[in-house]
**Q** 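Dumping the structure here so I can ask a few things about it.
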2 protein chains.
Amino acid sequence: MRLSSKTMYALRALFDITFHSHGKATKIDAIAARENVPPRFLEQIFQDLKAAQIVGSKRGPNGGYFLLRSPETITIGQVVRAMEGGVEHTCCFGSDAEVREKCKISSKCVTSSVWRDISLQLNAIMDAVTLSELALRGETLRLTRDSDAGLTYTI
Amino acid sequence: MRLSSKTMYALRALFDITFHSHGKATKIDAIAARENVPPRFLEQIFQDLKAAQIVGSKRGPNGGYFLLRSPETITIGQVVRAMEGGVEHTCCFGSDAEVREKCKISSKCVTSSVWRDISLQLNAIMDAVTLSELALRGETLRLTRDSDAGLTYTI
DNA sequence: TCTATTCTTGACCTTTCCAGTCAAGATTAG
DNA sequence: CTAATCTTGACTGGAAAGGTCAAGAATAGA
């Protein structure tokens with residue numbers, strides 16, 4: 001029921017891109033430094049984000065990653081689903097055929113029908129929050145922008 | 001983001017008690033057989049449910065487990081929190097002091113503030129569904145009651 | 001009181017996955 | 001050409017998930 005740190009890192013990294021570099025490609029090391037994320041791990045994370053069509057990349061000097069769509073159209077839900085492989089419930093109604101097979105009481109499984117409803121609602125909640133909303137919150141929290149030395153809190 | 005099978009089993013077991021045995025103590029083996037859950041594992045699960053004051057127990061012949069409160073007052077949220085140890089987010093705002101310490105960007109962590117909002121909403125959703133609601137769905141799905149040979153679907 | 005039944009406690013085990021590292025290669029700007 | 005940057009994929013240690021098991025304590029009913 002908790003978010004993996006992978007997802008948390010992904011959210012932070014995307015927030016970072018949105019907040020610090022408008023449209024420009026940003027390199028992993030810069031993001032990793034600002035957001036305090038293991039760089040090697042972040043590489044892996046960005047591969048997933050790229051596969052999910054959330055970010056694009058550019059190699060070579062002055063390369064990096066950038067958002068493929070505008071921040072208003074990228075939701076928390078999209079990111080979470082990309083990282084966690086969907087908000088799945090374990091039982092009968094799941095997309096995994098093997099799991100469905102294993103559950104002997106299949107369609108009779110009341111709990112999984114309830115859980116499906118719940119996860120639908122959860123997805124709706126997560127899709128109601130966009131990256132630009134995150135950036136807005138960043139403003140409210142008075143984050144300083146474009147500091148390479150890491151985020152610093154200004155009173 | 002997925003429910004552990006432990007939680008799923010707990011939900012199924014509680015549904016089973018609510019649905020099949022009104023007020024009476026029910027033994028683990030009967031529940032395990034009907035719900036197709038490993039009996040030994042179910043023992044462990046009921047210990048947790050007992051610690052969470054959701055069920056009570058009675059030893060000896062004709063003993064078993066029973067709900068401590070009425071089904072209308074027991075919510076999915078309570079069960080999930082009991083089994084998963086709370087819907088925690090990993091970062092700064094969490095209850096774990098050590099985790100909070102480790103997160104260098106503490107209060108500036110926009111994502112965790114967002115995630116806190118989301119998990120509050122999720123808890124609300126889960127607390128809106130009660131055990132008696134589960135039982136109701138059981139009726140709707142036309143489950144047969146009190147069959148020791150396992151649940152059977154009747155058309 | 002004896003006994004069968006049922007929960008209780010806690011140790012133990014196996015497998016999977018999370019979180020993270022690393023190396024070698026492909027691309028491209030300058 | 002070369003330095004910067006992403007790409008691919010293999011690898012690993014530790015923790016957590018998912019169970020199993022045995023010995024003991026309590027209790028209903030004979």
Side-chain angles (χ1 to χ4, degrees), chain A residues 1-13 17 21 24-33 35-52 54-66 68 80 83-86 88-91 96 98-99 102-103, chain B residues 1-13 17 21 24-33 35-51 54-66 68 80 83-86 88 90-91 96 98-99 102-103:
Chain A
M1 221 51 231
R2 56 181 278 275
L3 281 191
S4 63
S5 39
K6 196 173 167 188
T7 305
M8 214 63 184
Y9 288 157
L11 247 21
R12 296 227 306 246
I17 290 185
S21 39
K24 289 183 182 171
T26 315
K27 30 184 192 178
I28 282 206
D29 286 344
I31 300 176
E35 298 296 332
N36 200 45
V37 176
R40 301 286 191 172
F41 196 26
L42 197 51
E43 279 175 14
Q44 189 178 304
I45 290 168
F46 268 104
Q47 289 312 311
D48 292 347
L49 289 175
K50 197 186 171 191
I54 292 175
V55 301
S57 62
K58 196 179 146 200
R59 296 207 245 198
N62 298 323
Y65 290 95
F66 50 89
L68 269 187
V80 170
M83 301 308 291
E84 318 250 322
E88 283 301 326
H89 41 297
T90 325
C91 201
D96 185 340
E98 198 185 344
V99 166
K102 247 176 116 181
C103 183
Chain B
M1 221 50 232
R2 56 182 278 274
L3 281 191
S4 62
S5 38
K6 197 174 167 188
T7 304
M8 215 63 184
Y9 286 157
L11 247 22
R12 295 223 308 244
I17 290 185
S21 39
K24 289 184 183 171
T26 315
K27 32 184 189 178
I28 284 208
D29 286 344
I31 300 175
E35 297 297 332
N36 200 45
V37 175
R40 300 288 191 171
F41 196 26
L42 197 51
E43 280 174 13
Q44 188 179 305
I45 289 168
F46 268 104
Q47 289 311 312
D48 292 347
L49 289 175
K50 198 186 171 191
I54 293 175
V55 301
S57 62
K58 195 179 146 200
R59 295 207 244 198
N62 297 323
Y65 290 95
F66 49 89
L68 270 187
V80 171
M83 302 308 292
E84 317 249 323
E88 282 301 325
T90 325
C91 201
D96 185 339
E98 198 185 344
V99 167
K102 249 175 116 181
C103 181

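Predicted model only: the values in this text are computed from it and were never measured.
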**Q** Can you tell me how far C1' of dT8(C) sits from NZ of Lys58(B), to the nearest Å?
**A** 17 Å
**Q** Side chain of Pro61(A) only, please: which of dT28(C), dT7(D), dG29(D) is the nearest?
**A**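 The answer is dT28(C).
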**Q** Classify Thr26(A) by what it touches in the nucleic acid, base, sugar-phosphate, or nothing, heavy-atom distance under 4.0 Å.
**A**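 Result for Thr26(A) = sugar-phosphate.
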**Q** Looking at DNA chain C, which of residues 37-47 of chain A put a heavy atom within less than 4.0 Å of it?
**A** Pro38(A), Arg40(A), Phe41(A), Gln44(A)
**Q** Can you identify which nucleotide, out of dA4(C), dT5(D), dT8(C), has its nearest atom closest to the Tyr65(B) side chain?
**A**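 Side chain of Tyr65(B) sits closest to dT8(C).
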**Q** Output yes when at least one side-chain N/O atom of Lys50(A) is less than 4.0 Å from OP1 or OP2 of dT7(D), else no.
**A**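 It does, given that an N or O in the side chain of Lys50(A) lies less than 4.0 Å from OP1 or OP2 of dT7(D).
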**Q** It should be established whether Ser5(B) places a side-chain nitrogen or oxygen under 4.0 Å from OP1 or OP2 of nucleotide dG18(D).
**A** yes
**Q** Measure the distance from CG on Leu49(B) to P on dC7(C) and round it to the nearest whole Å.
**A**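 Checked: the CG to P distance equals 13 Å.
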**Q** Round to the nearest Å and state the distance from Met8(B) atom CE to dG19(D) atom P.
**A**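 Computing the Met8(B):CE to dG19(D):P distance gives 14 Å.
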**Q** Lys24(A) has an atom NZ; how far is it from atom P of dC6(D), in whole Å?
**A** 16 Å
**Q** Between atom CD1 in Ile28(A) and atom C1' in dT21(C), what is the gap in whole Å?
**A**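 Taking atom C1' of dT21(C) as the reference, CD1 of Ile28(A) is at 14 Å.
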**Q** Between dA19(C), dG20(C), dT5(D), which one does the side chain of Arg59(A) approach most closely?
**A**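 In terms of side-chain proximity for Arg59(A), the closest of dA19(C), dG20(C), dT5(D) is dT5(D).
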**Q** For Ser57(B) and dC7(C), is the shortest distance between a side-chain N/O and OP1 or OP2 below 4.0 Å?
**A** no
**Q** How many angstroms lie between atom CZ of Arg40(A) and atom CD1 of Ile28(A), to the nearest 0.5 angstrom?
**A** 10.0 Å
**Q** Rounded to whole angstroms, how far apart are CG on Leu68(A) and C1' on dC6(D)?
**A**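 Nearest whole value for this atom pair: 15 Å.
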**Q** Nearest whole angstrom, please: distance from the P of dC17(C) to the CE of Met83(A).
**A**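 Checked: the CE to P distance equals 16 Å.
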**Q** From the options Leu68(A), Asp48(A), Leu49(A), select the one residue that forms a side chain to side chain contact (heavy atoms under 4.5 Å, CB included) with Ile54(A).
**A**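 Single pass found, and it is Leu49(A).
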**Q** Could you go through Phe46(B) and Ile17(B), starting from their C-alpha distance and side-chain angles, then the distance that decides it, and tell me whether this counts as side-chain contact (heavy atoms from CB on, under 4.5 Å)?
**A** CA-CA 12 Å; Phe46(B) 268 104; Ile17(B) 290 185; 3.9 Å; yes
**Q** Between Val37(B) and Ile31(B), is there a side-chain heavy-atom distance shorter than 4.5 Å?
**A** no
**Q** Using the rule given for side-chain contact (heavy atoms from CB on, under 4.5 Å), can you reason through Leu3(B) versus Glu84(B), listing the C-alpha separation, both sets of side-chain angles and the distance that settles it, and then say yes or no?
**A** CA-CA 8 Å; Leu3(B) 281 191; Glu84(B) 317 249 323; 4.1 Å; yes
**Q** Would you say Lys27(A) reaches dT5(D)'s phosphate, i.e. side-chain N/O to OP1/OP2 under 4.0 Å?
**A** yes
**Q** Taking CG from Asn62(A) and C1' from dT28(C), how many angstroms apart are they, rounded to a whole number?
**A** 10 Å
**Q** Under a 4.5 Å cut-off applied to non-hydrogen side-chain atoms, are Ser4(B) and Met83(B) in contact?
**A** no
**Q** Between Phe41(A) and Tyr9(A), how do the two ring planes meet: parallel, tilted or perpendicular, split at 30° and 60°?
**A**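 Taking Tyr9(A) first and then Phe41(A), their aromatic rings stand perpendicular (interplane angle over 60°).
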